[in-house]
Structure formats: structure tokens, C-alpha cells
Amino acid sequence: QKQVVESGGGVVQTGESLTLSCTASGLTFEIYHMAWFRQAPGKEREGVSCIWYSGRTKYYIDSVKGRFTISRDNEKKTLYLQMNNLKPEDTGMYFCAVRNRGYGDDCQNMFHEDNIFGQGTQVTVSS
């Protein structure tokens, strides 16, 4: 059974940093694209960043470019999201996602709900 568990969320002030982690189990981690999604209060869940199974190609939405860095350690079956210069609009529940099939084309094509998601970790940025 494929499963992912997020950790690392918390309450920070504007301009501070957080690193989220996502540990996977029950899957051959190195063949799956991975992504981070977030859901702000009252809004739909949105894709934030993704990374190819190889780790060589990454994608970010415009609002986090230059501030967030996605990475993965295939040996540890772990996905990371380094978030710097956090803003109040980054507040939300952050979810790790595994593409529902191995390999594939551009990872941003997994920005939809047909993935395997974790339970999420809350990030709150106060002004």
C-alpha cells in the first residue's frame, strides 16, 4: 500500500523559513514523480511544486519561484520542500503527493486530485 507522511510544518513569522519532509513507504520511490500541494483556508488545493522521479527536473508555480526549493533523496524515500522568505499568503495545509503511475512526462501534469496524498502538515505564517 503506497503511503506518504508529511512533517515539518509550524507557525512562523513573515520572512522566516521552514523545511517540510515527506517520507514514502510501500512503493518504489525512485520511479515516481512527486509533488507538494497546499490548501489555503476556503480555497481549493493547488499544486505548488513538483520533481521528476530522477530529481533532475523541477517545476514551481510563479508565486513561490525563488523562495521554495523542492528536492528528493531516493535512497531515503524522502521528499523535501525548503521554504524561505515565507509570506502570510503561504499559509495553508501542505500535502505531499505521489503520481499514481511511475515515470511519465512533465511532472506538472500531476497537478490534479488523481494522486496519492498524505494527511498534510499545517504551515501558518503570521504578519
Enquirer: Return the minimal non-hydrogen interatomic distance between Met110 and Ala97, and the atom names on each side.
Expert: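 What the structure gives for the nearest pair is CE-O, 3.8 Å.
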
Enquirer: What's the separation between atom SG in Cys50 and atom CH2 in Trp36, rounded to the nearest 0.5 Å?
Expert: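 With rounding to 0.5 Å, SG (Cys50) is 13.5 Å from CH2 (Trp36).
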
Enquirer: Is it the case that atom CD in Glu75 sees more than 12 heavy atoms from other parts of the structure closer than 6.0 Å?
Expert: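 At most 12 heavy atoms, drawn from other residues, nucleotides or ligands, come within 6.0 Å of this atom.
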
Enquirer: Kindly compute the distance separating OG (Ser71) from CG (Leu79), expressed to the nearest 0.5 Å.
Expert: 7.0 Å

Enquirer: With no hydrogens and no angle check, is any side-chain donor or acceptor of Glu6 less than 3.5 Å from a backbone partner on Gln119?
Expert: yes

Enquirer: What are the two closest heavy atoms between Gly120 and Met93, and how far apart are they?
Expert: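 Minimum heavy-atom separation between Gly120 and Met93: C-SD, 3.7 Å.
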
Enquirer: Looking at every non-hydrogen atom in both residues, tell me the closest pair between Val48 and Phe111 and how far apart they are.
Expert: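 For Val48 versus Phe111, the nearest heavy atoms are N-CZ, 4.0 Å.
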
Enquirer: Any donor-acceptor pair under 3.5 Å linking the side chain of Asn100 with the backbone of Asp114?
Expert: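 Yes: the side chain of Asn100 pairs with the backbone of Asp114.
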
Enquirer: With no hydrogens and no angle check, is any side-chain donor or acceptor of Arg72 less than 3.5 Å from a backbone partner on Gly55?
Expert: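 Checking the backbone N and O of Gly55 against the side chain of Arg72, no donor-acceptor pair under 3.5 Å is found.
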
Enquirer: Walk me through whether Thr91 and Gln122 qualify under side chain to side chain contact (heavy atoms under 4.5 Å, CB included).
Expert: CA-CA 8 Å; Thr91 293; Gln122 178 68 36; 4.1 Å; yes

Enquirer: Answer yes if Ile70 and Val5 sit in the same cluster of Ile, Leu, Val, Met, Phe, Trp and Tyr residues linked by side chain heavy atoms under 4.5 Å apart, and no otherwise.
Expert: no

Enquirer: Which pair of non-hydrogen atoms, one from Ala35 and one from Phe37, has the smallest distance, and what is that distance?
Expert: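 Smallest heavy-atom distance, with atoms named: CB-CE1, 3.8 Å.
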
Enquirer: Donor-acceptor check, side chain of His33 to backbone of Gln108, threshold 3.5 angstrom: yes or no?
Expert: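 Side chain of His33 to backbone of Gln108, a donor-acceptor pair under 3.5 Å: no, none is there.
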
Enquirer: Could you go step by step and tell me if Phe95 and Gln39 meet the side chain to side chain contact (heavy atoms under 4.5 Å, CB included) rule?
Expert: CA-CA 8 Å; Phe95 299 88; Gln39 186 168 21; 4.1 Å; yes

Enquirer: With side-chain hydrogen bond (donor to acceptor under 3.5 Å, both in side chains) as the rule and sequence neighbours excluded, what pairs involving residues 46-61 come up?
Expert: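 Applying side-chain hydrogen bond (donor to acceptor under 3.5 Å, both in side chains) to every pair that reaches into residues 46-61, excluding sequence neighbours, yields Arg38-Glu46.
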
Enquirer: Would you give me the side-chain donor-acceptor pairs under 3.5 Å for residues 16-32, sequence neighbours excluded?
Expert:
unit_1 : atom_1 : unit_2 : atom_2 : d
Glu16  : OE1    : Gln13  : N      : 3.0
Ser17  : OG     : Asn84  : OD1    : 3.0
Thr19  : OG1    : Gln82  : OE1    : 2.4

Enquirer: Just wondering, do Cys107 and Ile51 contact through their side chains at under 4.5 Å, heavy atoms?
Expert: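 Of all side-chain heavy-atom pairs linking Cys107 with Ile51, none is under 4.5 Å.
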
Enquirer: May I ask you to decide whether Lys87 forms a salt bridge with Asp90, counting only side-chain N to carboxylate O separations under 4.0 Å?
Expert: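 A salt bridge is absent here (no side-chain N lies under 4.0 Å from a carboxylate O).
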
Enquirer: Measure across Gly9 and Val123 and return the closest heavy-atom pair with its distance rounded to 0.1 Å.
Expert: CA-CG2, 4.2 Å

Enquirer: Looking at OH of Tyr80 and CE of Met34, how far apart are the two atoms once the value is rounded to the nearest 0.5 Å?
Expert: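 One gets 11.5 Å once the value is rounded to the nearest 0.5 Å.
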
